[in-house]
Amino acid sequence: MSTTKILITGITGQDGIFLTSHLLKKGEDLKIFGITRSNKNNNFYKNLHNVTGKYDENNLDLIKLDLLNQNDVEKLLTDLKVNKIINLSGPSSVYNSFQNTDEYKNIIINQFNNLVKGCYLTNTLPTFFQASSSEMFSASEQLPLNEFSKMEPRSPYSEAKYALHNKVYELRNSNDWNIKSGVMFNHESEYRLENFLVMKVINSVIDIFNQKTSELIVGSLEYKRDWSYAYDIVKAIDLIIHEDDPVDYVIGSGTGNTILDMVKFVFEYFNFDYQDYVKVDSSLLRAGDPTNIVSDPKLIYDNLGWKTEVTFEEMLTKIIEFKLNTKI
Ligand code: NAP
């Protein structure tokens, strides 16, 4: 058997770190090529080492490349002739997408389009996983959300993701291509970007503990989301890219937790009563956002035996402890 060549775009992000680690730890005959826009990747290597421990460095190459440069992408794919592509690249904040609407959408869509054009050139059509999002679902759809639930994007970010979700469907039907879209629900970890809610809550409570601030302001305590630990989610991606059938799966825990659940847990970890510190300012909420979002991951469990293993509370504890070790 020849070495399996796997291209991971967005490798330096939260999911890229865990996916790379998971693949390296499996000890299979593989070579990972990771795409990043940066040539300063010390943090990536440090984080990867934290999660993985020792690994064979020959199995991983980082490549500095801008996926918006079509010529570079085509050359890369022609040279490497990879067997699998996992497209995790692109800006990932729904909130920021409202600030630069067109630019945001164009980046997400053009990075994907360049990869697809490059795949055509290689004439091999590698197995392709596209990172889609639960943000694509209609706010008025009944819960829990599954592969058949209605989609109706509510942000520039989800409009771009939805356009590509549909494109994936077209591409596989017109080319007999094992290309698929993974509809991922919120997932978090110690490597999540700092502007996401879970990081805001944990950083604020640590700052309260250190007497650097005295309050935490959130948009709602009632909103319910399906939060998973990112390492669990990348295990699903691994199973999906090894499946011969091109199936689009909903990937989530199937359990909803409220922002209050999160806030209470984090404050209690520090022996604080959240009521002494938390203020609610509903102007922070995004118009049109649903109150509750919860997945129904039955299909991926039935087909691939996947389900999340790390609980919501265990996930929060991991992030808090990581932050405490690096912040205090
Ligand atoms: P992330 O931490 O934001 O990582 C994405 C990576 O994309 C970055 O590390 C960055 O790497 C690269 N990138 C390329 N062009 C970019 C640009 N113009 N702006 C910002 N980053 C750019 O995301 P993640 O949480 O790992 O998520 C992976 C994928 O899953 C994303 O496509 C995201 O939209 C999707 N997703 C995530 C969630 C979630 O809850 N985390 C849920 C559903 C879907 P370099 O700077 O090294 O180039």
Side-chain angles (χ1 to χ4, degrees), residues 7-22 33-45 47-48 51 62-69 72-73 85-97 99-100 102-112 114-115 128-137 145 151 153 155-165 168 181-199 225-234 236-237 240 248-253 293 295 297 308 312 315 319:
L7 184 80
I8 303 178
T9 71
I11 194 164
T12 62
Q14 163 187 264
D15 293 3
I17 295 164
F18 284 113
L19 181 62
T20 306
S21 180
H22 182 60
F33 299 97
I35 302 300
T36 167
R37 295 165 303 165
S38 172
N39 49 15
K40 294 196 192 104
N41 292 304
N42 290 348
N43 263 349
F44 168 76
Y45 284 114
N47 296 337
L48 181 68
V51 185
L62 281 203
I63 299 171
K64 179 179 184 299
L65 185 137
D66 183 354
L67 291 168
L68 295 175
N69 184 323
D72 286 357
V73 176
I85 296 179
I86 300 155
N87 184 25
L88 304 175
S89 181
S92 60
S93 159
V94 176
Y95 179 79
N96 289 345
S97 76
Q99 262 85 67
N100 309 295
D102 288 337
E103 189 194 346
Y104 220 92
K105 279 162 63 174
N106 288 339
I107 293 171
I108 295 173
I109 289 174
N110 291 335
Q111 289 187 344
F112 174 91
N114 287 343
L115 285 167
F128 195 121
F129 175 88
Q130 168 61 15
S132 296
S133 165
S134 57
E135 288 290 324
M136 303 185 301
F137 287 113
L145 299 160
M151 291 184 176
S155 64
Y157 168 82
S158 56
E159 281 171 28
K161 291 285 188 188
Y162 182 57
L164 298 183
H165 179 73
V168 163
S181 162
V183 184
M184 302 189 283
F185 284 61
N186 288 72
H187 47 284
E188 315 293 332
S189 76
E190 50 275 44
Y191 304 115
R192 186 63 143 152
L193 295 174
E194 296 293 338
N195 53 341
F196 285 85
L197 179 70
V198 65
M199 289 313 204
R225 293 292 179 264
D226 184 331
W227 281 290
S228 304
Y229 187 50
Y231 203 140
D232 277 339
I233 297 291
V234 306
I237 298 177
I240 292 169
D248 298 334
Y249 289 108
V250 154
I251 311 170
S253 72
I293 299 180
S295 69
T308 54
F312 176 67
M315 175 192 80
I319 306 175

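This is a predicted model, so every value here is computed, not measured. Indexing begins at 1, ligand by ligand and atom by atom, following the structure's order.
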Could you tell me which non-hydrogen atom of [X] sits nearest to which non-hydrogen atom of [Y], and how far apart they are?
| X | Y | answer |
| --- | --- | --- |
| Ala230 | Asp15 | CB-OD1, 4.0 Å |
| Ile11 | Phe44 | O-CE1, 3.2 Å |
| His187 | Tyr229 | CB-C, 4.3 Å |

ask   = Name the residues in contact with ligand 1, where contact means a heavy atom under 4.0 Å away: which are they?
value = Gly10, Thr12, Gly13, Gln14, Asp15, Thr36, Arg37, Leu88, Ser89, Gly90, Pro91, Ser92, Ile107, Gln111, Ala131, Ser132, Ser133, Tyr157, Lys161, Met184, Phe185, Asn186, His187, Arg192, Leu193
inquiry  = Less than 4.5 Å apart, side chain to side chain, heavy atoms only: is that true for Ser93 and Tyr157?
reply    =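 SC-SC contact between Ser93 and Tyr157 ruled out.
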query = Heavy-atom distance under 4.5 Å between the side chains of Pro297 and Ile251, does that happen here?
reply = no
request  = Evaluate whether atom OH of Tyr95 has more than 12 neighbouring non-hydrogen atoms of other residues, nucleotides or ligands under 6.0 angstrom away.
outcome  = no
